[in-house]
Amino acid sequence: MTATTDLEKTYDPSKVEDEMAALWGAAGAFHAEPADSKPGGKPYCIVIPPPNVTAGLHLGHALNNTLQDILTRYHRMLGENTLWMPGTDHAGIATQTVVDKRLQAEHKPAIQHYKNLESEGKGGRDLFIKKIQSWKDEYEAQITNQLKAMGCSCDWSRQRFTMDDICARAVREAFFRLFKDGLIYRGKRLVNWDPATQTALADDEVEMRDIDGFFWYLRYPLADGSGHVTVATTRPETMLGDTAVAVNPKDPRAAELRGKKVRLPIVNRIIPIVEDDYVVLPDPQGDEKSRYSSGFLKVTPAHDPNDYDIGQRFNLPMINVMAPDGTISDQYGWPLEDFAQSDAGFVLGLDRYEAREAIVDWFRKNGLLEDVKPYRHAVGHSYRSHATIEPYLSDQWYVKVTDDRLSGAALRAMSGDQSSSAATGHDSNENWQGQLRFTPARYANTFRGWHENIRDWCISRQLWWGHRIPVWSIEGKPSKLDPLAREGRIAIQQFGKFCYVCVRDESDKDLVQLLDRLGFVRDPDVLDTWFSSGLWPISTMGWPDEEGNDVLQTWNPSNVLCTAREIITLWVSRMVMFNLYLRNCLPFTDVFIHAMIQDGQGRKMSKSLGNGVDPLDIIHSHGADAMRFTLTSMTTQTQDVRLPVKENLQSGRNTSSKFDIGRNFANKLWNAARFAMGNLTSDDTSQENYELADRWILSRLATILRDTNEALARYEFSQYAQGLYDFFWRDFCDWYIEAVKPTVRDNPSQQRVLATCLDVALRLMHPEMPFVTEKLWQQLNEVAPRRGVGGVSIPAGELLVRAAWPKVDYSLINKQVESDFVTIQTWSAAIREIRQSHQIPPRETIQFISEPDDDKTGKIKQHARYFEIFANAAFSNDASGATRIGTAQIETQTLVVFRQVGDVDHEAEHDRLTKRLDEARKSIATLRGRLNNKGYTEKAPAHLVQQTRDQLASTEKEADALQSQIAAIE
RNA sequence: GGGCGAUUAGCUCAGUUGGCUAGAGCGCUUCCCUUACAAGGAAGAAGUCACAGGUUCGAGUCCUGUAUCGCCCACCA
């Protein structure tokens, strides 16, 4: 009895997956050590894009991580010292919001409660962080389970979290170095302010929505009483903070206004008219902006990003007229003396929208409202509170990414052919120049564009969940700290009236106590999540330890970052800049950006939180390998996965979905392997006598190995999956196994070919379908421990996950053999078609001949037994006494099929033949036309012309044959 | 507003320097429970490759324009 009896008739993923996972776990198969690098061997590393602990994984993650696992397993089998570093991201604002919402939904004390406690000095901050911590623990565990269930071969012993001690240390050290080097500064800038939750938001946390609004045209009188200018605005309430009116220098009115001033209505502030070519000239026929423009722009540097820029250019004062909650206030930067001379008392305390109405009303009543036009435009909203974002002036920490050492370096890192600005400096200290490559290449443009227009990065967040900023501050300029700075324990910077001290090591208790004693106050804010994820490739590996840190030395730079396209700028950019600055090397050399998938209702899966099906549902209903295969085969562009209905998945009911493809394929693999192993009865290796089918499948095997290597090297995952699918199902199962069925039991040589092909196929498919291939390979090791044929190198091993990637001598690719086999396939198909159209029972053997009797027919005759196997048709030297039932023209030969008994429907046959004659005549006309075309015969490649001639000849012949057959029937 | 991508069979999608009669899976029709697999096998029907021009002997593929859909970035004038 062979071991195949152990295998069920249908593949049951759940059992096998658990069994194989246990096997890999026990063997430590995913663990990597720097010392394991073979002499002269290469290391290979992928650092996982850490999933957010806000929620479990969705199918977008499943796709992303499947691709990473394929690369990891592939390179591990290639013999490279391969590490896949896993972990999760604390996702500051997102997680804090999710937890807050959950608490509110459960009617439990939420963040407001804890904020109150904190302000009462009762440690609300720490209590709330504990709440988030337990959320994090729950989802981190869920995420890990999901990844393991998918078969991700991460080195779990190295799993990290962006806020664990090791990563936190890296964050503090990075902050310290950037601070010390003047690349972190304190600045009063406009931020995206959410007045509802009162925190700054990152640009990506702002969602744009189209809003129906108005353009108001307000008249501002000239200070000398000589007239007025009309400004156009969608936000009249901000006029309280206007500090200039701008006009385009090309505007004909600019010259006569030069040097004049404006008296700001309500506020009575005298403000200058400045000339700036940012101002759009009015043009009734122009684009949207110029049609609405009056030519004059009110400049409010404290409440509009563009006005802020103009303010910087003209050194204008910034007057903030709002409180953090979005009400008009004179308490947050409106100079006392300036407010005192105004008539603005009536708007104080009003919400910004109430103030808008009040102010428009005022202009209307005072005859200064010239016009109102409806206008639809996009306005930013907080993705948390949905409140309209207010560009708000506040003190924040910034990373000076505009510095050449950061964004400039990132640009220089880009591969020469992907970088238009062609950074060709030859700074020998920057040996990473030109080493960063994007796949697909077009994403390099996104990356480059981002860095060319980059603005400094606001890294402080008014949140609790995150890395607390390691800076203490005090008003004034204490002097006795300098020795500490010289020791490298702190770095000091002065911004405005304040002295800021960055503490290198928070656990330095003496130091912290000293600062406390001196009256320093710690910054309450935390760092933007991207600050810590930007350090991820090095923080996970124990940076800043360099000396003796083999992990970091071996695997940084890593090889490839695999991600969806949405975070190229946010994350990739920051990793590149930080890694270059802190370690003078890239975080990775390749960036592979894959497509997104959607769930059938048009919802993207790589983006939103908690949206979509749990991969575990798919794994339970179809199996992990099925899910992985299906996802892998659809990576070329945004794909609709047409998910099965969730209820059906959970109830185990059968539904049609894309994942059926994978499940069916896994089952096919399972059964083909069962068949093959059931026939491996001999261990006789004494001879190699191959028949055509054997040579053919070895030729195909060499081809698919080459294609697979090429596809994976180019990140063409869909090609990889599809190529193997076709090879295995079409070539191996449909043709090779069928061809050898009658002979393989008694042919040891053929058994070796069969076993070898199965082994190679399992190895090639292992990265995409790890569980089922490992199981079958284990079985194969028992049934046929010694495998391999000449030209195929498949060293034995214990575990497929650690087995060597196969090597096949490409000289096994044999064009003659392939062409002979294609002939057999073509003829078999033609005979099958005739059988089918005449409804001949499968068991009835029929006869066929090939005319004329030349070399070609000789070939057919030589391989006649394959036609018995594939089409139950016998080559007949003597068809006398049989009834001729059908013909087909194949190249220069005519196939004639005979049947011993049975009637022939002459009328139907006549119709068929006539139809085919028509088709033949049409194609004759086409081919003749082509050959009469001088351009074609002179310029097209010779083999094409010859091919066309052959085709014409054979089609003409076919037409003749058809005609005579028709005549015979008539 | 700027940029990028897409448009191929009823559905979901392949189609790599321009070159055999444009492919696959699902679905559909017909036949087959043949000793690996019915989650299977054999055969078949089904396409104006979005539209209009252009380059070329030859265009799904390259160029220009148009339409529709999608994504990214910018934008409170």
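All chains are named by letter (A, B, ...) in the order of the sequence lines, taking the proteins before the strands, and each is independently numbered beginning at 1.
Contact between the side-chain N/O atoms of A:T446 and the OP1/OP2 oxygens of B:C72 is not found at any separation under 4.0 Å. Here A:R843 does not reach the OP1 or OP2 of B:C31: none of its side-chain N or O atoms lies under 4.0 Å away.
With respect to the salt-bridge test (charged N to carboxylate O, under 4.0 angstrom), the residues A:R928 and A:E956 qualify. By the 4.0 Å N-to-carboxylate-O rule, A:E275 lies too far from A:K250 to be salt-bridged with it. Taking a cutoff of 4.0 Å between a charged side-chain nitrogen and a carboxylate oxygen, A:K815 and A:E818 do not qualify as a salt bridge.
At the heavy-atom level, A:T388 lies under 4.0 Å from base atoms of the strands shown. In this structure, A:N306 reaches the sugar-phosphate backbone alone: every heavy-atom distance under 4.0 Å involves primed, P, OP1 or OP2 atoms, never a base. Residue A:Y217 is classed as having no contact, given no heavy-atom separation below 4.0 Å to the nucleic acid. Backbone-only engagement by A:E833 is indicated by non-hydrogen atom pairs under 4.0 Å involving sugar-phosphate atoms exclusively. Within 4.0 Å of A:Q719, counting heavy atoms only, lies at least one base atom of the nucleic acid. Backbone-only engagement by A:K9 is indicated by non-hydrogen atom pairs under 4.0 Å involving sugar-phosphate atoms exclusively.
Between the side chain of A:Q836 and the base of B:U30, a donor-acceptor pair under 3.5 Å is found.
Proximity note for A:Q839 (side chain, C-beta onward) versus B:U16, B:C31, B:A77: the nearest is B:C31.
Taking a 6.0 Å sphere around CD of A:E710, one finds it holds more than 12 heavy atoms contributed by other residues, nucleotides or ligands.
One can place CG of A:N664 at 4 Å from C1' of B:A39, the figure rounded to the nearest angstrom.
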